[in-house]
S.K.: 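For reference, the structure I am asking about is given below.
As the structure lists them, so they are numbered: ligands from 1, and atoms in each ligand from 1. Just so it is clear, the structure is predicted and the values come from calculations on it, not from any experiment. Sequential numbering from 1 along the given sequence is applied to the chain's residues.
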Amino acid sequence: MTDPRCLCAQAIAREAGQVMRKRFEDRSSFTLSFKGHQDYLTEVDGEIERLVVSRLREIFPGDTFIGEEGGREASDSVWVIDPIDGTANFARGNPHFCISIAYLAKGEPKVGVIYAPMQDAMYAASAGGGAALDGVPMRVSGEADIRQATVEIGWNNRSGIPGFISLVERVMGRGAGMIRSGSGALGMAYVAAGRLDAYVEQHINAWDVLAGLLLVGEAGGYVSDFLAGEGLAKGNPVLACTPALRRELVEASGIGDQAAKPSGAR
Ligand code: IPD
């Protein structure tokens with residue numbers, strides 16, 4: 001894991017994490033607004049994104065940025081940033097949130113870093129270099145039995161309620177347990193670390209999920225082809241799971257493909 005971009009992303013994520021932690025611990029230091037129904041925003045999101053972009057720009061002046069709160073400039077050398085994933089949790093005093101930073105070269109994910117400041121947990125992957133939690137290599141769980149699996153099913157206001165309920169019914173109908181924790185990025189990191197067996201969501205944005213996709217792929221898991229079509233610009237459905245649950249979860253969710261080699265997986 002000596003990719004210089006991966007090392008820089010980790011150092012910057014840690015610095016940004018300290019700022020997030022301070023603001024989280026003093027909730028009177030920020031105000032809360034909404035981008036839409038159940039779509040939280042705090043000024044800390046923008047502040048963190050500006051910090052991360054300015055640090056990366058100093059080191060890699062030729063790179064471009066796609067961020068949840070700002071830049072949307074794709075290129076052959078682009079960083080994709082979610083300053084706070086799990087903003088609703090952050091805003092409500094729940095410590096389950098993180099920063100997510102991915103790097104893509106010529107459309108291929110090369111670096112994925114997710115840092116959870118309240119747990120001081122650094123999840124990092126580089127393409128072909130494996131995935132690690134705090135420097136210790138990670139693997140997805142060996143779960144093969146859907147009846148013993150725990151699946152996180154993400155929800156956001158873009159997906160609508162009936163589609164979400166139907167997805168929950170189909171996944172739970174196979175026997176899986178289900179949670180929703182409010183951070184897609186951390187959900188993906190937990191799949192990579194073997195704490196969850198799968199993550200599925202009907203629509204998710206690139207900044208929420210790209211770092212996690214590389215983490216899961218490098219940790220030996222299956223990930224659906226998120227970057228297909230206009231995934232980078234407009235988002236896509238996502239399924240990430242242990243290889244042995246792939247067939248059943250592709251069938252249940254209708255997301256992913258039984259046969260094709262997925263993007264991000266080795
Ligand atoms: C959201 C969270 C949520 C997921 C949504 C995302 P945000 O990101 O990751 O868990 O279900 O799709 O939009 O708003 O907290 O950055």
S.K.: Taking side-chain hydrogen bond (donor to acceptor under 3.5 Å, both in side chains) as the test, write out the residues that go with Y103, two or more places apart.
M.R.: S77
S.K.: Output every pair passing ring-ring contact (aromatic ring centres under 6.0 Å, His included) with a member in residues 175-200, not counting sequence neighbours, ordered by first then second residue.
M.R.: H96-Y190
S.K.: Report the distance from atom OG1 of T42 to atom CZ of F30, rounding to the nearest 0.5 Å.
M.R.: 5.5 Å
S.K.: Below 3.5 Å only, please: the N or O atoms of ligand 1 paired with protein N or O atoms, distance on each line.
M.R.:
{"residue": "ligand 1", "atom": "8 (O)", "partner": "D85", "partner atom": "OD1", "Å": "3.0"}
{"residue": "ligand 1", "atom": "8 (O)", "partner": "D208", "partner atom": "OD1", "Å": "3.2"}
{"residue": "ligand 1", "atom": "9 (O)", "partner": "D85", "partner atom": "OD1", "Å": "2.8"}
{"residue": "ligand 1", "atom": "9 (O)", "partner": "D85", "partner atom": "OD2", "Å": "3.1"}
{"residue": "ligand 1", "atom": "9 (O)", "partner": "G184", "partner atom": "N", "Å": "2.8"}
{"residue": "ligand 1", "atom": "10 (O)", "partner": "G182", "partner atom": "O", "Å": "3.3"}
{"residue": "ligand 1", "atom": "10 (O)", "partner": "S183", "partner atom": "N", "Å": "3.2"}
{"residue": "ligand 1", "atom": "10 (O)", "partner": "G184", "partner atom": "N", "Å": "3.1"}
{"residue": "ligand 1", "atom": "11 (O)", "partner": "W155", "partner atom": "O", "Å": "3.2"}
{"residue": "ligand 1", "atom": "11 (O)", "partner": "E201", "partner atom": "OE1", "Å": "2.9"}
{"residue": "ligand 1", "atom": "11 (O)", "partner": "E201", "partner atom": "OE2", "Å": "2.9"}
{"residue": "ligand 1", "atom": "12 (O)", "partner": "N156", "partner atom": "ND2", "Å": "3.3"}
{"residue": "ligand 1", "atom": "12 (O)", "partner": "R158", "partner atom": "NH2", "Å": "3.2"}
{"residue": "ligand 1", "atom": "12 (O)", "partner": "E201", "partner atom": "OE2", "Å": "2.6"}
{"residue": "ligand 1", "atom": "13 (O)", "partner": "D208", "partner atom": "OD2", "Å": "3.3"}
{"residue": "ligand 1", "atom": "15 (O)", "partner": "G86", "partner atom": "N", "Å": "2.7"}
{"residue": "ligand 1", "atom": "15 (O)", "partner": "T87", "partner atom": "N", "Å": "2.9"}
{"residue": "ligand 1", "atom": "16 (O)", "partner": "E68", "partner atom": "OE1", "Å": "3.0"}
{"residue": "ligand 1", "atom": "16 (O)", "partner": "D82", "partner atom": "OD2", "Å": "3.1"}
{"residue": "ligand 1", "atom": "16 (O)", "partner": "I84", "partner atom": "O", "Å": "3.2"}
{"residue": "ligand 1", "atom": "16 (O)", "partner": "D85", "partner atom": "OD1", "Å": "3.4"}

S.K.: Which residues pass the side-chain hydrogen bond (donor to acceptor under 3.5 Å, both in side chains) test with T242, sequence neighbours left out?
M.R.: none
S.K.: Does a donor on one side chain and an acceptor on the other come within less than 3.5 Å for N205 and E68?
M.R.: no
S.K.: Look at the aromatic rings of F90 and F24 and report parallel, tilted or perpendicular, splitting at 30° and 60°.
M.R.: tilted
